Amino acid sequence: MTSLKSDFLHILTERGFIHQVTDLEGLDAKMAAKEKEGPISAYIGFDCTAPSLHVGSLVQIMMLRWLQKCGHKPIALLGGGTTKIGDPSGKDESRKMLTDDDIAGNMDGIRTIFDQFLDFSGDDPALMINNQEWLDSLEYIPFLREIGTHFTINRMMTFDSVKLRLEREQPLTFLEFNYMIMQAYDFMELGKRYGCSLQMGGSDQWGNIVNGMELGRRSAGLSLYGLTTPLITTADGKKMGKTAEGAVWLNESALSAYDYWQFWRNTQDGDVGRFLRLFTDLPMDEIKRLEALEGAEINDAKIILANEATKMCRGAEAADAANKTARETFVQGGAGTDLPTVTVAAGNFADGMSVIELFIEAGLGASKGEVRRLIKGGGAKINDVKVGSADDTVGTDAFAEGQIKLSAGKKRHALVKQG
């Protein structure tokens, strides 16, 4: 949309971030008036259900990053309060109830992620706020009288987070039913306390965002906006960020930098251009050049994607080390020193350790059946030699170099050392 006046909305549109906007023209005018009226504040909420976010949250984090790069103020709202309830959106069953200590520990892990993407220093820093600040102090009866009157059960029943659960005949607790009211209250509180006028989120949050806008208008006279992103799927139709090995975590403690780099390096050809737009800061001219590459040259674009995405999330040193390890492993045929490494007690190899158990221990197979199929298909290798039989064992003599390299197909590798 060349008619957009604000840098932020122009960038988001050009790069494919936008799915819905409540009032595109009004929001564009407000953001374009930054020099006269000042920057706007916008927030995205992140519940603390695990010690790390995964790449499914990366589109949202990148929007906050672009918001700050365009001179506006991003707010990362951590759900210390809402995590106690659990967002039912897209879920067939209730989330596991977490203790206050669990939530605090998860929050500590999540905080470190944002330091890589946002600037929390300087004259006008990004903000990180915990909604426990206001939710924990709410009194139930006054809250129902002041806020509950703005919500009708009829309307709440039409939102996907409720409707889909009921259509699938899955129970929805009264606790979860309150989540959308809590999120709406967050938007109003951020508007009143911090002048926040825009909430952003995934497309599944549209109903919750609209609720917050209406509550802010009715209860506090606020003029608020909402913006959502599309569901990001891969070229083969799968949800982005889900792999056979599980979620692709953003924290180093949950996923090594090498494995994170490999996730991006293994991007399907049809996704390269889109992922460069969404998950890197590269200029559009460079992205257009890279996505036009064909044949084997598209691998160069994938390596740049992996380097840029890893550098942003884990730092330049980690990205360089992962790239070097990949070259040593795939191009030079060696065993890169940065490969995932597991230590197995030396006693296991004295009489020979089952190759199946070893692959499972190294994280290259989730079950005995999976490893057997890998061996049968010729994809299991030890020190680049195919495993001949599922009955094979590995003895201490295999550790002539002090370690052994296991491979599951062409893209998954691990080093094993004796402990």
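Remember, predicted model here, so these are calculated numbers, not experimental data.
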(request) Check side chain to side chain contact (heavy atoms under 4.5 Å, CB included) between Glu35 and all other residues, then give those that pass, not counting sequence neighbours. (result)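 For Glu35 there are no side chain to side chain contact (heavy atoms under 4.5 Å, CB included) partners, ignoring immediate neighbours.
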(request) Identify, with sequence neighbours excluded, every residue that meets side chain to side chain contact (heavy atoms under 4.5 Å, CB included) alongside Leu374. (result)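 If we apply the side chain to side chain contact (heavy atoms under 4.5 Å, CB included) test to Leu374, skipping adjacent residues, the hits are Phe359, Ala380, Ala408.
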(message) Atom CD of residue position Glu167 - does it have more than 12 heavy atoms of other residues, nucleotides or ligands inside 6.0 Å?
(response)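 Counting neighbours around CD of Glu167, more than 12 heavy atoms of other residues, nucleotides or ligands fall under 6.0 Å, so yes.
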(request) Count the heavy atoms belonging to other residues, nucleotides or ligands that lie under 6.0 Å from CE of Met157, then report whether that count exceeds 12. (result)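 For Met157, atom CE is not crowded (no more than 12 foreign heavy atoms under 6.0 Å).
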(request) Fit a plane to each ring of Trp264 and Phe279, take the angle between them on a 0 to 90° scale, and name the class: parallel (under 30°), tilted (30 to 60°) or perpendicular (over 60°). (result)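 If you compare the ring of Trp264 with that of Phe279, the planes turn out tilted.
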(message) Parallel, tilted or perpendicular: which one describes the rings of Tyr258 and Trp261, with boundaries at 30° and 60°?
(response)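 It falls in the parallel class, under 30°.
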Carboxylate-amine/guanidinium contact [X] [Y], below 4.0 Å:
X      : Y      : answer
Glu37  : Lys30  : no
Glu291 : Arg274 : no
Asp285 : Lys288 : no

(request) Show your working on side chain to side chain donor-acceptor pair (under 3.5 Å) between Gln268 and Asp236 and close with a plain yes or no. (result) CA-CA 9 Å; Gln268 297 176 51; Asp236 58 4; 3.2 Å; yes
Compute whether any side-chain donor of one residue and acceptor of the other, for [X] and [Y], lie under 3.5 angstrom apart.
X      : Y      : result
Asn131 : Thr82  : yes
Gln183 : Gln205 : yes
Trp134 : Asp186 : yes
Thr99  : Asp102 : yes
His19  : Ser203 : no

Sub-4.5 Å side-chain heavy-atom contact between [X] and [Y]:
X      : Y      : value
Lys84  : Asp136 : yes
Leu118 : Phe120 : yes
Met188 : Ile147 : yes

(request) Please test Lys34 against Asp7 for salt bridge (Lys or Arg N to Asp or Glu O under 4.0 Å), starting from the C-alpha separation and ending with a verdict. (result) CA-CA 10 Å; Lys34 180 182 63 176; Asp7 291 341; 5.4 Å; no
(request) Report yes if the distance between the aromatic ring centroids of Phe187 and Tyr43 is under 6.0 Å, otherwise no. (result)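 For Phe187 and Tyr43, the ring centres are under 6.0 Å apart.
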(request) Compute the ring centroids of Phe143 and Tyr185, then answer whether they are less than 6.0 Å apart. (result)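 Yes: the rings meet the under 6.0 Å criterion.
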(message) Determine whether Thr49 and Asp47 satisfy the following criterion, side chain to side chain donor-acceptor pair (under 3.5 Å), listing intermediate values before the conclusion.
(response) CA-CA 6 Å; Thr49 55; Asp47 277 348; over 6 Å; no
(message) Within this structure, what is the NZ-CG distance for the pair Lys69 and Leu67, rounded to the nearest 0.5 Å?
(response)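 Here the rounded value is 12.0 Å.
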(request) First locate atom CD of Glu214, then atom NE2 of His150, and finally report the distance between them rounded to the nearest 0.5 Å. (result)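 With rounding to 0.5 Å, CD (Glu214) is 11.0 Å from NE2 (His150).
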(request) I would like to know whether Arg277 and Glu14 meet salt bridge (Lys or Arg N to Asp or Glu O under 4.0 Å); could you show each step before the answer? (result) CA-CA 8 Å; Arg277 284 172 165 80; Glu14 185 177 41; over 6 Å; no
(message) To check you understand the geometry: which heavy-atom pair defines the closest contact between Lys311 and Ala319, and what is its length?
(response)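 Answer, listing the atom of Lys311 first, then Ala319: N-CB, 3.7 Å.
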(message) Looking at Phe174, is its backbone amide N or carbonyl O close enough to the side chain of Asn178 to form a donor-acceptor pair, meaning the two atoms are under 3.5 Å apart?
(response)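 Such a contact is found between Asn178 side chain and Phe174 backbone.
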